Amino acid sequence: MLEIKNLHAKVGDTEILKGLDLTINAGEVHAIMGPNGAGKSTLSYVLSGREGYEVTEGTVSYQGKNLLDMEPEVRAGEGVFLAFQYPVEIPGVSTMNFLKAAVNSVRKYRGESEFDAMDFLKFVREQTKILNIGDDMLKRAVNVGFSGGEKKRAEVLQMAVLAPTLALLDETDSGLDVDALRIVGEGVTALRSPERSMLVITHYQRLLDYIVPDVVHVLADGKIVDTGDKNLAIELEKNGYANYSEAAA
Amino acid sequence: MSNLSPISQAFVDQQGAVAFSASAPWLDQLRKAGLESFSADGLPTPKLEDWKYTNLNVLEKIDAGQRGDAAIDSTQLTWLPTELATHKLVFVNGRFQSELSAIGDLPKGVKVLALSEALASEPGLVEEHLGQIGGFEKAPVLALNTAFIEDGYVVMVDKAELATPIEIVFVSQAKNEAAHHPRNLIVAKNNARVTILERHIGIGEGGYLANSAFEVLVEDGAHVQHYRLLEDSADGINLSSVKAKLGKDATYDSFVLSMSGQLSRNEIHVSCEAGGAHTNLNGVYVGRGDQHIDNTTLIDHVVPNTSSKETYKGALDGKSRGVFQGAIIVADGADGTDGRMSNKTLLLSDDAEIDAKPQLEIYADDVQCAHGFTAGELDENSLFYLRSRGIPEAIARSMLVEGFLDEVVEEGVAEDYQDIFKTRIADWMNSG
Ligand SMILES: Nc1ncnc2c1ncn2[C@@H]1O[C@H](COP(=O)(O)OP(=O)(O)OP(=O)(O)O)[C@@H](O)[C@H]1O
Ligand SMILES: [Mg+2]
């Protein structure tokens with residue numbers, strides 16, 4: 001599904017990713033943990049094609065194709081989805097119109113028929129119910145004035161309607177209250193399937209109680225420095241990253 | 001007499017040759033006063049502070065004596081959706097076209113008619129108001145309009161509410177470089193409510209000057225919604241001057257969408273002259289090619305406890321140039337004034353340009369006034385966000401620009417009429 005080899009990337013003149021290797025098979029859920037500033041979000045941006053992140057070395061192959069060659073919208077069409085750590089506010093564009101444009105764009109890309117307004121409403125409502133998102137939120141401008149938790153739920157809604165094959169979740173649990181965490185955790189878990197892989201970036205083990213990972217990685221100083229099963233996350237929560245500081249240095 | 005430019009001189013010379021359809025001593029006097037004021041210095045030049053960014057040299061191509069045909073091939077006209085437009089007045093090259101108009105039934109207390117008719121049927125009422133609000137000192141373009149007063153629309157509403165809007169269409173025939181100067185009057189009193197949807201359109205190919213002026217009097221709890229759509233043809237020049245005077249608890253809402261023409265200058269001057277007066281001045285401007293779009297506003301807070309809220313947003317592409325000059329003046333003693341102004345421009349190309357000039361003059365102590373001005377490119381973060389959801393770049397850009405502009409429409413236009421403006425903005429985006 002996803003194969004990252006020796007990935008080096010820089011922002012401006014600073015090298016952030018320094019030889020990262022990661023392979024995710026279809027249907028697997030991988031978690032990435034790691035100290036602040038380690039390069040976790042950078043990895044998610046490189047994978048989704050954000051401008052300003054320059055890959056200087058290494059390869060990323062996704063379903064056998066060179067992911068790095070694709071424009072961001074093409075990656076989305078191919079099934080890559082990033083739930084942003086900091087979702088962007090878009091004044092003047094209603095969430096509903098935004099969702100419809102997004103869904104119809106990827107459907108078109110995938111050779112599927114586009115939804116009309118009525119069908120789309122039905123389709124979205126199925127998902128909003130699960131995620132406990134009210135219609136009023138759909139009428140509001142994208143993320144504008146949304147609380148931290150509402151923004152994260154809106155990200156998961158987007159993921160649900162866009163039906164990605166590779167979902168990158170960047171701290172989707174941060175800012176959520178206990179109930180919202182459960183809703184989001186269960187919502188994401190419901191989207192697990194043999195065709196869908198997930199990369200879950202988080203600082204907290206508690207999200208992984210809901211979304212139980214197949215593999216847990218530690219990312220420090222731009223590299224994967226440790227890999228284990230779900231117990232690694234529990235260990236990290238206890239001991240922190242002190243053990244990795246030498247490894248990273 | 002000073003040395004006038006050839007085009008200014010031509011206007012002065014031609015004025016004397018016009019056989020105006022209506023004449024009365026006070027009206028002749030008013031035109032004469034306008035002409036004299038205009039003759040002193042002629043058309044404004046960039047030497048004047050207010051005209052620093054807009055050069056009327058483009059008027060050299062105009063044939064001052066050419067008034068254009070009063071009739072037009074009506075198949076070229078487009079209309080607003082019929083459910084919205086119940087009372088229609090059409091002017092062609094500044095003159096009323098009764099065959100194309102449909103004023104319909106009006107409730108008691110409402111008068112909707114052409115100035116040319118009102119001068120005949122209600123001379124007293126017209127005399128009472130015309131020229132009273134629109135002082136043309138230091139306003140040469142308005143003085144020029146005054147010198148040529150002949151026709152336009154008159155809307156008077158007293159103790160009444162007009163449930164459906166009045167659609168006004170000013171058609172300029174883009175031919176022969178003709179000039180016309182519609183003069184219009186809006187008077188609303190005693191809690192009256194009225195909505196005017198005004199369209200300025202150009203038909204055909206060629207240049208013209210449409211120089212319109214509006215006097216707006218809103219008194220005693222009345223509320224006027226004055227929505228304008230400037231859709232001139234490519235070589236058209238549109239100058240307009242609005243002078244509004246607000247009385248106690250009166251509200252004047254103005255929304256202007258400027259989207260075409262070679263050059264437009266839309267000047268609005270609102271004077272809040274009694275407590276509770278409030279004005280919302282909003283506008284959207286879009287330009288491409290080498291269009292020039294100027295919005296110049298002045299809000300006078302003359303007495304205590306009046307308020308104003310103003311937002312203009314634009315998107316400029318190609319080599320187009322925008323001008324926004326916004327002045328708020330709070331008079332000595334006008335405590336409790338609340339005035340907010342904002343101007344934001346998206347520059348969609350490296351060659352587009354905006355000149356924004358805020359001017360706050362505050363002579364009272366206890367006031368709340370704020371202004372904010374920004375100009376810049378589309379936000380890269382937002383663009384990436386949309387693209388990461390599969391939306392192709394060109395569509396993502398359109399969505400962002402439309403969203404940016406639609407916000408002002410939502411703020412400044414009553415819900416029923418927002419689509420008229422949003423559709424135009426979307427069409428503009430798609431026609432790029
Ligand atoms: N645009 C930028 N310009 C310069 N440095 C940047 C830029 N973006 C990120 N960085 C730096 O790159 C490093 C990695 O940032 P990144 O956001 O990937 O960290 P992270 O692992 O996601 O951290 P966190 O856990 O705090 O979210 C940081 O030191 C950050 O300051
Ligand atoms: Mg991060």
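As a basis for the values below, the full set of heavy atoms in this structure was taken, side chains included, without hydrogen atoms, waters or symmetry mates. The structure displayed is predicted, hence computed values, not measured ones. Protein chains get the first letters and strands the later ones, always in sequence-line order, with residue 1 at the start of each.
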I need the [X] [atom1] to [Y] [atom2] distance, nearest 0.5 Å.
X: S388(B); Y: L47(A); atom1: OG; atom2: CG; answer: 12.5 Å
X: N381(B); Y: E51(A); atom1: CG; atom2: CD; answer: 11.0 Å
X: S48(A); Y: R389(B); atom1: OG; atom2: CZ; answer: 8.5 Å
X: I90(A); Y: L400(B); atom1: CD1; atom2: CG; answer: 5.5 Å

query: Side chain of E73(A), backbone of E393(B): donor and acceptor closer than 3.5 Å?
result: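 Yes.
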Step through the shown structure and confirm whether more than 12 heavy atoms of other residues, nucleotides or ligands are within 6.0 Å of [atom1] on [X].
X: K357(B); atom1: NZ; result: yes
X: K344(B); atom1: NZ; result: no
X: N66(A); atom1: CG; result: yes
X: E377(B); atom1: CD; result: no
X: D290(B); atom1: CG; result: no
X: K422(B); atom1: NZ; result: yes

- prompt: Which residue out of E410(B), M399(B), R387(B) racks up the most heavy-atom pairs below 4.5 Å with chain A?
  reply: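 Option with the greatest count: R387(B).
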message: side chain to side chain contact (heavy atoms under 4.5 Å, CB included), that's the test. Do V142(A) and Y385(B) meet it? Break it down for me.
response: CA-CA 11 Å; V142(A) 178; Y385(B) 191 68; 4.0 Å; yes
task: Would you mind telling me which of G52(A), P87(A), A76(A), G77(A) has the largest number of heavy-atom pairs within less than 4.5 Å of chain B?
output: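 Counting heavy-atom pairs under 4.5 Å, the top option is A76(A).
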So for [X], is it side chain, backbone, both, or neither that comes closer than 4.5 Å to the heavy atoms of chain B?
X: R75(A); value: neither
X: E78(A); value: neither
X: Y109(A); value: neither
X: P164(A); value: neither

- prompt: Are F384(B) and F84(A) close enough that their ring centers fall under 6.0 Å?
  reply: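 Close enough - the centres of the two rings lie under 6.0 Å apart.
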Closest approach of G390(B) to S105(A) (non-hydrogen atoms, all atoms of both residues):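 Closest pair (atom of G390(B), atom of S105(A), distance): O-CB, 3.1 Å.
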- request: Check step by step if side chain to side chain contact (heavy atoms under 4.5 Å, CB included) holds for F98(A) and I391(B).
  value: CA-CA 9 Å; F98(A) 160 67; I391(B) 301 171; 4.1 Å; yes
- request: Name all residues meeting the salt bridge (Lys or Arg N to Asp or Glu O under 4.0 Å) criterion together with E150(A); count only those two or more places apart in sequence or in a different chain, and write none if there are none.
  value: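 Testing E150(A) for salt bridge (Lys or Arg N to Asp or Glu O under 4.0 Å), a comparison that skips the adjacent residues, returns none.
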